[in-house]
Novice: 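Before we start, here is the structure in question, set down as structure tokens.
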Amino acid sequence: MRWIWVRHGETEDNRSRRYLGHYNAPLNEQGREQAFAAAERLKNEPVTYIYTSDLLRCKETAHIIACSHKMTVVETAALRELDFGQWDRKTYEEIMRTHKSLAEKWYNNPYDVSPPEGESLYELGDRIGRWLSDLEERMLPTETAVLVTHGGPIRWFLAGHLLGNPSAFWSVRGLGTGDILITEKYGQTWRSSSS
């Protein structure tokens, strides 16, 4: 079983280094180029399914990838980015000016602490984990799914599933916009086969 993780292409909020959660930002020109480059890299992969977050930046990326495979994209809210609540579209500096104490608690313990009106990493992991477990049950060992999603869900998978250490969320090297990570399941263990 293979899961090909793709982080959506760049948006203007990504470029200006803003936290981007559930806000429905479109790809910018660079992001569209990244999506087409990802599609080119994946055009010869034997893809069985293409799933995407239902947010616009992922949907645009996924549909560009799907065109080369002549496939339908399945959208799901389960693959959404962490909900940053009041911090959505804010920079680190802006957050530290307005919510310094809470922000420091969140950086130190993002699994239990959430942004105002947002969600914690525990909630993110629970949401994605339940959906991924269901996906594993539905897929055959020979099948491949492309998962077009965001930096947070990919980091969550890398830390918890590949490293077996959920607390490594901040230290694990995530994917840049438009980047690809190919993972395969061997027995009960997920491994990176290429990126």
Side-chain angles (χ1 to χ4, degrees), residues 3 5-28 30-32 34-35 51-63 73-135 146-163 165-179 181:
W3 288 348
W5 297 84
V6 181
R7 187 177 173 196
H8 64 79
E10 185 184 77
T11 69
E12 285 306 311
D13 289 287
N14 296 133
R15 178 172 286 181
S16 57
R17 301 184 64 79
R18 295 181 179 277
Y19 286 97
L20 185 57
H22 289 189
Y23 178 77
N24 221 9
L27 298 178
N28 61 18
Q30 173 72 12
R32 283 186 287 278
Q34 290 171 339
Y51 294 99
T52 184
S53 158
D54 63 350
L55 295 174
L56 184 58
R57 55 197 184 271
C58 285
K59 291 195 299 185
E60 289 179 333
T61 303
H63 284 285
V73 174
V74 179
E75 300 174 12
T76 175
L79 287 173
R80 281 186 176 196
E81 179 60 281
L82 181 78
D83 185 354
F84 291 108
Q86 293 179 17
W87 295 349
D88 209 359
R89 305 189 78 204
K90 305 285 190 216
T91 64
Y92 171 83
E93 292 76 18
E94 289 168 341
I95 292 168
M96 291 303 281
R97 274 199 306 272
T98 58
H99 296 97
K100 186 172 191 287
S101 177
L102 179 59
E104 288 173 346
K105 289 177 185 173
W106 180 63
Y107 286 119
N108 290 328
N109 184 13
Y111 270 83
D112 296 318
V113 179
S114 60
E117 299 175 21
E119 66 182 342
S120 67
L121 280 185
Y122 175 81
E123 292 168 315
L124 170 83
D126 182 61
R127 163 166 52 90
I128 296 169
R130 283 185 282 111
W131 187 83
L132 290 176
S133 292
D134 184 58
L135 178 62
V146 171
L147 309 176
V148 182
T149 185
H150 310 263
I154 294 170
R155 277 182 178 272
W156 178 85
F157 178 81
L158 287 169
H161 286 69
L162 290 189
L163 295 181
N165 181 14
S167 64
F169 182 85
W170 289 128
S171 58
V172 71
R173 183 177 179 273
L175 298 186
T177 52
D179 284 351
L181 173 72

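Hydrogens, waters and symmetry mates are skipped; everything else that's a heavy atom, side chains included, is used. All values derive from a computational prediction rather than experimental measurement.
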Novice: Is there a donor-acceptor pair closer than 3.5 Å between any side-chain N or O of Thr61 and the backbone N or O of Gly9?
Specialist: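 Answer holds: yes.
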Novice: Mind checking whether Leu162 and Leu181 have side chains closer than 4.5 Å, heavy atoms only?
Specialist: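 Leu162 vs Leu181: side chains touch.
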Novice: Tell me, please, which residues at least two apart from Ser114 pass side-chain contact (heavy atoms from CB on, under 4.5 Å).
Specialist: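 In terms of side-chain contact (heavy atoms from CB on, under 4.5 Å), with neighbours along the sequence ignored, Ser114 is linked to Ser120.
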Novice: Answer whether the closest heavy-atom distance between the side chains of Asp83 and Glu123 falls below 4.5 Å.
Specialist: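 No, their side chains stay 4.5 Å or more apart.
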Novice: What residues, two or more places apart in sequence or in another chain, satisfy salt bridge (Lys or Arg N to Asp or Glu O under 4.0 Å) together with Glu119?
Specialist: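 Residues passing salt bridge (Lys or Arg N to Asp or Glu O under 4.0 Å) with Glu119: Arg127.
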Novice: Can you give me the closest heavy-atom contact between Ile95 and Ala103, atom names plus distance?
Specialist: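 What the structure gives for the nearest pair is CG2-CB, 3.7 Å.
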Novice: Drop me the distance from Trp170's CH2 to Asn108's CG, to the nearest 0.5 angstrom.
Specialist: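 So the gap between those two atoms works out to 10.5 Å.
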Novice: Take atom OH of Tyr122 as the centre, draw a 6.0 Å sphere, and report whether it contains more than 12 heavy atoms from other residues, nucleotides or ligands.
Specialist: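 12 or below, so no.
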Novice: Taking all non-hydrogen atoms of both residues, which atom of Thr11 and which atom of Pro26 are closest, and how far apart?
Specialist: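 Shortest heavy-atom contact: CG2-O, 3.3 Å.
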Novice: Decide yes or no for Asn14 and Gln30: does some side-chain heavy atom of the first lie under 4.5 Å from some side-chain heavy atom of the second?
Specialist: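 SC-SC contact between Asn14 and Gln30 ruled out.
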Novice: Answer whether the closest heavy-atom distance between the side chains of Thr52 and Leu79 falls below 4.5 Å.
Specialist: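 Side chain of Thr52 against side chain of Leu79, heavy atoms only: no contact under 4.5 Å found.
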Novice: Taking only residues two or more places apart in sequence or in another chain, which ones pass side-chain hydrogen bond (donor to acceptor under 3.5 Å, both in side chains) with Glu10?
Specialist: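 If we apply the side-chain hydrogen bond (donor to acceptor under 3.5 Å, both in side chains) test to Glu10, skipping adjacent residues, the hits are Arg15, Asn28.
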Novice: Can you list the residues that meet the side-chain contact (heavy atoms from CB on, under 4.5 Å) rule with Asn24, with sequence neighbours excluded?
Specialist: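 Partners of Asn24 by the side-chain contact (heavy atoms from CB on, under 4.5 Å) criterion, ordered by chain and then number, come out as Leu55, Leu56.
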Novice: Using the salt bridge (Lys or Arg N to Asp or Glu O under 4.0 Å) criterion, which residues pair with Asp179? Sequence neighbours excluded.
Specialist: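 None.
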Novice: Can you check whether Val148 reaches Val73 side chain to side chain, under 4.5 Å on heavy atoms?
Specialist: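 No. Closest side-chain heavy atoms not under 4.5 Å.
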Novice: Run the side-chain contact (heavy atoms from CB on, under 4.5 Å) check on Phe157 and Leu132 step by step: do they pass?
Specialist: CA-CA 10 Å; Phe157 178 81; Leu132 290 176; 4.2 Å; yes
Novice: Under the rule for side-chain hydrogen bond (donor to acceptor under 3.5 Å, both in side chains), what residues qualify as partners of Asp13, not counting sequence neighbours?
Specialist: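 Once residues adjacent in sequence are excluded, the partners of Asp13 under the side-chain hydrogen bond (donor to acceptor under 3.5 Å, both in side chains) criterion are Arg89.
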Novice: If you count the non-hydrogen atoms of other residues, nucleotides and ligands that lie under 6.0 Å from NZ in Lys90, is the total more than 12?
Specialist: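 Open: at most 12 neighbouring heavy atoms sit under 6.0 Å from NZ of Lys90.
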Novice: Who are the salt bridge (Lys or Arg N to Asp or Glu O under 4.0 Å) partners of Glu94, not counting sequence neighbours?
Specialist: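 Testing Glu94 for salt bridge (Lys or Arg N to Asp or Glu O under 4.0 Å), a comparison that skips the adjacent residues, returns Arg18.
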Novice: Which heavy-atom pair separates Tyr111 from Trp156 by the least distance, and what is that distance?
Specialist: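 Shortest heavy-atom separation between Tyr111 and Trp156 comes out as OH-CD1, 3.7 Å.
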Novice: Could you report the tightest heavy-atom contact between Leu158 and Gly174, atom names first, then the distance?
Specialist: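 So the minimum-distance heavy-atom pair works out to CD1-CA, 4.2 Å.
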Novice: Which one of Lys59, Arg80, His22 satisfies the side-chain hydrogen bond (donor to acceptor under 3.5 Å, both in side chains) criterion with Asp54?
Specialist: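 With Asp54 as partner, side-chain hydrogen bond (donor to acceptor under 3.5 Å, both in side chains) holds for just one option, Arg80.
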Novice: Working to the nearest 0.5 Å, report the span between CD1 of Ile154 and NE2 of His8.
Specialist: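 These two atoms lie 8.0 Å from each other.
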Novice: List the residues meeting salt bridge (Lys or Arg N to Asp or Glu O under 4.0 Å) with Arg130, not counting sequence neighbours, and say none if there are none.
Specialist: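 Checked Arg130 against salt bridge (Lys or Arg N to Asp or Glu O under 4.0 Å); matches are Asp126.
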Novice: So, for Leu102 and Val113, which heavy atoms are closest and what is the spacing to 0.1 Å?
Specialist: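 For Leu102 versus Val113, the nearest heavy atoms are CD1-CG1, 3.7 Å.
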Novice: Taking side chain as C-beta onward, heavy atoms only, is Leu135 less than 4.5 Å from Trp3?
Specialist: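 A side-chain contact under 4.5 Å exists here.
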Novice: I'd like to check the side-chain hydrogen bond (donor to acceptor under 3.5 Å, both in side chains) partners of Ser167; sequence neighbours left out, ordered by chain and number.
Specialist: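 Per chain and number, Ser167 pairs via side-chain hydrogen bond (donor to acceptor under 3.5 Å, both in side chains) with Asn165.
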Novice: For Glu117, what residues pass the side-chain hydrogen bond (donor to acceptor under 3.5 Å, both in side chains) criterion, not counting sequence neighbours?
Specialist: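 Partners of Glu117 by the side-chain hydrogen bond (donor to acceptor under 3.5 Å, both in side chains) criterion, ordered by chain and then number, come out as Gln86.
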Novice: Run the side-chain contact (heavy atoms from CB on, under 4.5 Å) test against Arg32 and tell me which residues pass, sequence neighbours left out.
Specialist: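 So Arg32 forms a side-chain contact (heavy atoms from CB on, under 4.5 Å) with Leu27, Glu29.
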Novice: Using side-chain contact (heavy atoms from CB on, under 4.5 Å) as the criterion, list what pairs up with Pro115, not counting sequence neighbours.
Specialist: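 side-chain contact (heavy atoms from CB on, under 4.5 Å) check on Pro115 returns Phe84, Trp87, Trp106.
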Novice: Measure the shortest side-chain to side-chain distance between Met96 and Glu104 over non-hydrogen atoms and say whether it is less than 4.5 angstrom.
Specialist: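 Yes - at least one pair of side-chain heavy atoms lies under 4.5 Å apart.
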Novice: Do Glu81 and Arg57 have side chains that get closer than 4.5 Å, going by heavy atoms?
Specialist: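 Yes - at least one pair of side-chain heavy atoms lies under 4.5 Å apart.
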Novice: Over all heavy atoms of both residues, which pair between Trp5 and Leu175 is shortest? Give the atoms and the distance, please.
Specialist: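 Closest approach of Trp5 to Leu175, heavy atoms only: O-CD1, 4.1 Å.
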Novice: Looking at OG1 of Thr177 and CD of Gln34, how far apart are the two atoms once the value is rounded to the nearest 0.5 Å?
Specialist: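 With rounding to 0.5 Å, OG1 (Thr177) is 3.5 Å from CD (Gln34).
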Novice: Under 6.0 Å from the OH atom of Tyr107, do we count more than 12 heavy atoms belonging to anything else shown?
Specialist: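 Yes - once you tally the heavy atoms of other residues, nucleotides and ligands closer than 6.0 Å, there are more than 12.
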